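Remember, predicted model here, so these are calculated numbers, not experimental data.
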Amino acid sequence: MNVRENLAQGMAQLLDRVTDLAASRGMSGTANSSLQSVSSDLNNGLSKILNALDELAGKISSASKEYGVQDEDAANTIRQAAGDTGDTAVMTALRGA
């Protein structure tokens, strides 16, 4: 289970407990309205956290793909430059041979 799933599951459990609290205490009137309002605010806040995590995960994934492409391009350029120099003593030393 990933972080998002764990957080979503924990959110659901927390909101269930808040609902159960209201039911088990027989809350009504202003107390119940306040509890429901706070529960709604909590749900909205936690949903924003999940959305932010999704956005961050997407950005990290995109950045890692872009880095991989740039890294491979740089490696190819280095290989090409090394190949263009021929097999000199300097290249041999750089290769660790």
Name every donor-acceptor pair, under 3.5 Å, that has one atom in a side chain of residues 36-51 and the other anywhere in the protein, sequence neighbours excluded.
| from | atom 1 | to | atom 2 | distance (Å) |
| --- | --- | --- | --- | --- |
| Asn44 | ND2 | Ser40 | O | 3.4 |
| Ser47 | OG | Asn43 | O | 2.9 |
| Asn51 | ND2 | Ser47 | O | 3.4 |

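Note that CD of Gln9 and CG of Leu14 are 12.5 Å apart. Values are rounded to the nearest 0.5 Å.
With hydrogens and angles disregarded, a donor-acceptor distance shorter than 3.5 Å links the side chain of Glu5 to the backbone of Asn2.
The side-chain hydrogen bond (donor to acceptor under 3.5 Å, both in side chains) analysis of residues 12-23, with sequence neighbours excluded, yields no pairs.
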